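In this text, all values refer to a predicted model and were calculated from it rather than measured experimentally.
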Amino acid sequence: MNFFYRLYCRAFQTAFRLAIPFLPYRDPKVLGSVEEIPAELTKRNISRVLIVSDRKISMLGLLEPLKHALLAAGIEYFLYDRTFENPTVDNVEQARETYLQNRCGGLIGFGGGSAIDCAKAVGARLARPRKPVEKMRGILKVILRIPFLVAVPTTAGTGSEITLAAVITDAYTGYKFPINDFSLIPRVAVLDPKNTATLPKFMTAATGMDALTHAVEAYIGCSTTASTRADALKAVKLIFENLENAYTLGDECARAHMLTAAFLAGRAFSKSYVGYVHAVAHSLGGQYNIPHGFANAVLLPRVLEAYGSAVYKKLHRLAVAAGISQKEQSDSVAALEFISAIRTLNRRMGIQESIPGIRKEDIPELARRASREANPLYPVPVLMDAKELEKFYRDVADSEDAK
């Protein structure tokens with residue numbers, strides 16, 4: 001990266017870091033069960049809601065308690081359950097049309113980060129009906145208040161129930177882009193471990209590693225605050241203590257702790273942002289429909305290694321919080337132990353070390369997309385341009401032809 005662009009990136013990031021105390025961050029109201037949602041809707045005189053979800057959630061019957069609770073309270077619901085794993089612009093437009101046709105007054109995003117992100121983007125389109133989704137890419141392009149939004153996560157990972165971000169994919173170009181605005185933070189979040197009980201083991205692992213990536217990238221960046229550092233440290237501790245139990249045993253207590261960890265990690269990165277792990281993972285998800293948490297899990301140790309000594313001190317603190325290393329150890333030893341522990345956790349949960357399907361000819365464009373997403377917004381510890389980011393695609397590709 002050339003000197004002048006590097007200077008611009010750091011100036012941009014510094015401006016945002018200084019603005020953090022003055023920005024309108026807020027936490028959603030946290031509920032413990034979907035049975036509590038109707039009371040929140042009734043308070044606001046909302047009698048019709050759109051539930052945004054996906055087919056798997058519908059087929060598993062996870063929506064039934066919510067449906068019964070809404071009907072018992074006299075609240076009509078309408079369902080859009082065609083959200084893709086990487087929600088598309090078309091998903092957003094179809095769900096928005098369902099909302100308008102049925103004169104709904106509120107939104108419930110029920111599912112993983114995809115369903116909640118789709119619901120957020122629907123809210124953004126309702127608030128700004130003349131502005132296409134693609135024109136909301138970036139920061140503060142919505143501004144106006146969206147309809148009342150409830151987020152019900154069925155995975156413990158994305159943190160979308162507390163974040164100001166929604167990630168949407170243009171299905172025709174494969175370009176995956178974030179929308180970031182304070183108005184997208186849900187008003188209510190339901191953290192109920194029963195909603196994660198039927199999550200397949202692979203998804204438990206992948207979404208848990210997504211939460212870990214949120215916490216780590218928020219902590220090692222250059223725009224942290226006392227509160228985001230505390231949230232990230234606690235999230236990392238909870239994840240290393242509970243993710244494997246949630247994966248192997250499906251333990252409800254472990255799942256509850258993982259929901260808390262995902263919430264804390266989401267709150268941390270909402271203010272302190274993420275980094276190149278996410279930027280590269282987003283490009284892979286948009287191009288090849290690679291599950292986001294899986295991509296993050298594979299990329300995280302490689303990107304941390306590439307940052308080198310710039311992150312050793314902070315990784316040492318994370319390693320101590322996770323119970324991996326001791327305070328008395330050197331920063332470099334503890335940092336490398338932390339990176340090794342991530343790889344070990346991946347391996348114990350069956351997450352492979354490579355990503356299938358990456359094509360060599362796609363890598364330059366994928367790296368450019370990642371660079372456009374990350375620079376200058378993400379306050380990464382070491383700045384990299386598109387050419388430097390290409391190495392991560394080659395490193396994780398499972399085909400020798402792509403390396």
Side-chain angles (χ1 to χ4, degrees), residues 12 16 19 23-26 28 50 52 54 80 83-97 99 107-109 111-151 153 158-187 189 210 214 217-218 266-267 269-275 278-287 292 296 369-379:
F12 184 97
F16 265 89
L23 295 174
Y25 292 101
R26 56 178 171 79
L50 175 67
V52 179
D54 62 56
Y80 177 82
T83 309
F84 294 151
E85 189 167 355
N86 291 296
T88 65
V89 174
D90 286 346
N91 287 150
V92 174
E93 294 305 323
Q94 291 164 8
R96 173 180 174 268
E97 188 61 29
Y99 183 101
L107 289 159
I108 300 175
S114 298
I116 298 172
D117 281 5
C118 185
K120 289 179 178 180
V122 171
R125 283 285 287 122
L126 291 164
R128 303 298 296 267
R130 293 185 177 86
K131 200 167 194 175
V133 178
E134 299 88 340
K135 296 292 185 182
M136 298 187 203
R137 178 174 68 90
I139 308 170
L140 303 180
K141 301 290 181 63
V142 183
I143 302 297
L144 301 180
R145 186 165 180 158
I146 70 171
F148 185 74
L149 172 62
V150 178
T158 70
S160 191
E161 67 275 9
I162 189 173
T163 70
L164 51 75
V167 180
I168 305 298
T169 301
D170 184 327
Y172 302 100
T173 65
Y175 183 48
K176 197 170 184 179
F177 58 90
I179 304 170
N180 298 281
D181 203 294
F182 298 102
S183 64
L184 299 186
I185 301 173
R187 294 285 163 178
D210 188 19
H214 291 155
E217 290 206 295
R267 187 162 66 184
F269 91 78
S270 276
K271 297 178 182 178
S272 294
Y273 293 105
V274 284
H278 269 76
V280 174
H282 283 154
S283 70
L284 290 168
Q287 184 73 18
H292 179 64
N296 276 347
R369 291 177 185 175
S371 180
R372 283 198 298 269
E373 175 182 331
N375 302 319
L377 178 62
Y378 295 164

Inter-residue atom distance [X].[atom1] - [Y].[atom2], 0.5 Å rounding:
X	Y	atom1	atom2	value
Y378	F269	OH	CZ	8.5 Å
I116	I108	CD1	CD1	11.5 Å
I162	I185	CD1	CD1	7.5 Å
R96	L107	CZ	CG	12.0 Å
S270	L184	OG	CG	10.5 Å
N180	Y273	CG	OH	6.0 Å

Under the side chain to side chain donor-acceptor pair (under 3.5 Å) definition, can you give me all pairs with a residue in residues 113-128, not counting sequence neighbours? E93-R125, D117-S160, K120-S160, K120-T163
Polar side chain donor-acceptor pair, S183 to D181, under 3.5 angstrom: yes
Do other residues, nucleotides or ligands put more than 12 heavy atoms under 6.0 Å from [X] [atom1]?
X	atom1	value
R137	CZ	no
F182	CZ	yes
K131	NZ	yes

Side chain to side chain donor-acceptor pair (under 3.5 Å) with Q94: which residues, sequence neighbours excluded?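 Per chain and number, Q94 pairs via side chain to side chain donor-acceptor pair (under 3.5 Å) with Y80.
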Just wondering, do I139 and F16 contact through their side chains at under 4.5 Å, heavy atoms?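 Yes. Closest side-chain heavy atoms under 4.5 Å.
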A side-chain contact here means heavy atoms from C-beta on lying under 4.5 Å apart; do Y99 and P147 qualify?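 Side chain of Y99 against side chain of P147, heavy atoms only: contact under 4.5 Å found.
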Full working for side chain to side chain contact (heavy atoms under 4.5 Å, CB included) between L126 and I146: CA-CA 7 Å; L126 291 164; I146 70 171; over 6 Å; no
Considering all heavy atoms, the nearest [X]-[Y] contact:
X	Y	answer
N86	G285	ND2-O, 3.4 Å
D170	V89	CA-CG2, 4.3 Å
G286	K176	N-CD, 3.7 Å
A374	A279	CB-CB, 3.9 Å
H214	T158	CE1-O, 2.9 Å

Could you walk me through whether R187 and L149 pass the side chain to side chain contact (heavy atoms under 4.5 Å, CB included) test, one step at a time? CA-CA 6 Å; R187 294 285 163 178; L149 172 62; 5.5 Å; no
Between [X] and [Y] (side chain of the first, backbone of the second, donor and acceptor by atom type, cut-off under 3.5 Å), is there such a pair?
X	Y	answer
E217	G275	yes
R369	Q287	no
R26	P186	yes
N296	A281	no

Using 30° and 60° as the class boundaries, would you call the ring planes of H292 and H282 parallel, tilted or perpendicular? parallel
For Y25 and L164: C-alpha separation, side-chain torsions, deciding distance, then whether side chain to side chain contact (heavy atoms under 4.5 Å, CB included) applies. CA-CA 8 Å; Y25 292 101; L164 51 75; 3.6 Å; yes
Applying side chain to side chain contact (heavy atoms under 4.5 Å, CB included) to F177 and V133, what does each step give before you reach the verdict? CA-CA 10 Å; F177 58 90; V133 178; 3.8 Å; yes
